[in-house]
Amino acid sequence: MQQPAAAPKSRRPDDVRYIGALNGCYALSERRGEDGEAIPVYACRLVSISTVQAVVVAPVLAQEGEIVVMHFKDFGILRAQVARALPTGFAVDLLLDDDSRGKLAAKIRWKKTNTQKQAPDKREYPRILPRQPRSVLTMADGTLHSCFVIDISQSGAAVSAAVLPGRGTPLAVGALVGRVVRRLDVGFAVEFTSIQPLEGLEQRLAMQPG
C-alpha cells in the first residue's frame, strides 16, 4: 500500500534574507554625546538582514554586547544587540518577539520583490552610494576623524561622523576638499570647492589631501 506523501515543511520566517545596500541610521543607547545628555544618531548602511541578524557599515563602531537601535525606511525601527564588531561596522542579533519577527519577514520579502523599483535621480549631479562608504575627514588643523559617506555626487557629499563641524568649516573628505554647507539629521553636507570628474570619484574618497 502506497504511503501518503509527507506534507511540505512550512518556511520559517528567519529563512528569508535581503542582501543589498540600504541607508539608514542608528544610535548606541548606552552612549551620550558631548553634552552628556542627548544620544547621538549616526548614518549607516545595511549590508544584509534576516529576521535574526543584520550587518551594517557604520562611522562609529560598536562593541560586542552593546544595544543598538536602528531605523531603515523599508524595515522600520529595529532594536538589536551587537554580536561581533567588524572592521567597518558590526553584526547584530535582532531583539524581536515572534509577532515582530513575522512582520519583518513580510517586509524583507516585499523588499526583495521591489528592490529595482526606484525613482530616477533628476538632479544635475546625481547622488551615488559609494561602494566603500567609510572614509577619513581631514580638518584644517590636520586632525583626522573616521567618517561614513552617506552619498556622494560630483559637487558634494553627505557625511556622518562622531564630530559635527559647523557651517563653513573647511575640511576634506578623503582627498575631496570642501566646506560644510548645512547640518543633516544624521550628519552634515559638504560642498566641494570644485566640480569633480565622475571617473575616479570613489577612489578619491579613499585618499587623503595632498
Side-chain angles (χ1 to χ4, degrees), residues 18-28 40-49 54-62 68 70-74 82 84-92 115 118-210:
Y18 173 75
I19 299 174
L22 183 65
N23 280 347
C25 60
Y26 74 103
L28 302 169
V41 178
Y42 307 107
C44 64
R45 180 182 297 176
L46 185 70
V47 176
S48 67
I49 186 171
V55 177
V56 298
V57 178
V60 177
L61 303 183
V68 182
M70 308 179 296
H71 178 266
F72 300 100
K73 179 180 177 182
D74 295 311
V82 177
R84 63 185 185 280
L86 304 173
T88 58
F90 42 85
V92 297
T115 189
Q118 184 176 355
D121 191 337
K122 297 182 179 180
R123 284 173 285 232
E124 182 179 4
Y125 300 108
R127 298 175 185 176
I128 60 175
L129 300 182
R131 286 166 290 184
Q132 301 295 334
R134 280 180 60 88
S135 185
V136 175
L137 295 176
T138 303
M139 312 306 289
D141 62 1
T143 57
L144 305 176
H145 301 277
S146 297
C147 70
F148 174 88
V149 179
I150 303 168
D151 56 45
I152 188 171
S153 73
Q154 292 176 257
S155 61
V159 180
S160 185
V163 295
L164 197 59
R167 183 175 179 180
T169 302
L171 48 73
V173 186
L176 301 166
V177 178
R179 289 182 179 271
V180 176
V181 291
R182 65 181 180 278
R183 292 281 181 86
L184 306 174
D185 290 340
V186 291
F188 52 93
V190 175
E191 184 179 81
F192 301 143
T193 54
S194 61
I195 301 302
Q196 301 294 315
L198 188 59
E199 184 178 356
L201 183 61
E202 290 192 52
Q203 286 85 341
R204 288 190 288 280
L205 281 181
M207 301 168 60
Q208 287 187 287

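Heads up: numbering here begins at 1 and tracks the sequence.
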Stepwise ring-ring contact (aromatic ring centres under 6.0 Å, His included) check, Tyr26 with Phe148: CA-CA 12 Å; Tyr26 74 103; Phe148 174 88; 8.6 Å; no
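Legend: side chain to side chain donor-acceptor pair (under 3.5 Å) pairs involving residues 132-143, not counting sequence neighbours, sorted by first then second residue: Asp141-Thr143. Listed by first and then second residue, the salt bridge (charged side-chain N to carboxylate O under 4.0 Å, His left out) pairs that reach into residues 188-207 are Arg131-Glu202, sequence neighbours excluded.
Taking every heavy atom of both residues into account, Cys147 and Val136 meet most closely at SG-N, 3.9 Å. What you find for Phe188 and Val163 is that their closest heavy atoms are CE2-O, 3.8 Å. The minimum heavy-atom distance linking Leu61 with Leu86 is given by the pair CD1-O, 4.1 Å. The heavy-atom pair separating Ser146 from Pro59 by the smallest distance is CB-O, 4.4 Å. Closest approach of Leu129 to Ile150, counting heavy atoms only: CD2-O, 3.4 Å.
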Using a 3.5 Å cut-off and no angle test, enumerate the donor-acceptor pairs between side-chain atoms of residues 40-47 and protein atoms at least two apart in sequence or in another chain.
| from | atom 1 | to | atom 2 | distance (Å) |
| --- | --- | --- | --- | --- |
| Arg45 | NH1 | Pro130 | O | 2.5 |
| Arg45 | NH2 | Pro130 | O | 3.1 |

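Using a 4.5 Å cut-off on side-chain heavy atoms (C-beta onward), Val92 and Val56 make no contact. Counting only heavy atoms from C-beta outward, the side chains of Ile128 and Asp151 never approach each other to under 4.5 Å. With a 4.5 Å cut-off on side-chain heavy atoms, Leu176 and Leu201 count as touching. Side-chain contact between Leu137 and Val173 is present, with heavy atoms from C-beta onward closer than 4.5 Å.
The side chain to side chain donor-acceptor pair (under 3.5 Å) search around Asp185 returns none, not counting sequence neighbours. A search for ring-ring contact (aromatic ring centres under 6.0 Å, His included) contacts involving Phe192 returns nothing, not counting sequence neighbours.
In this structure a side-chain-to-backbone donor-acceptor pair under 3.5 Å is present from Arg179 to Gly168. With hydrogens and angles ignored, the 3.5 Å screen pairs a side-chain donor or acceptor of Gln154 with a backbone N or O of Gln196.
Between Asn23 atom CG and Lys73 atom NZ the span is 11.5 Å, to the nearest 0.5 Å. We find the CG-CG distance between Leu144 and Leu171 to be 11.5 Å, quoted to the nearest 0.5 Å. Taking CG of Leu22 as the reference point, atom CG of Asp74 lies at 5.5 Å (rounded to 0.5 Å).
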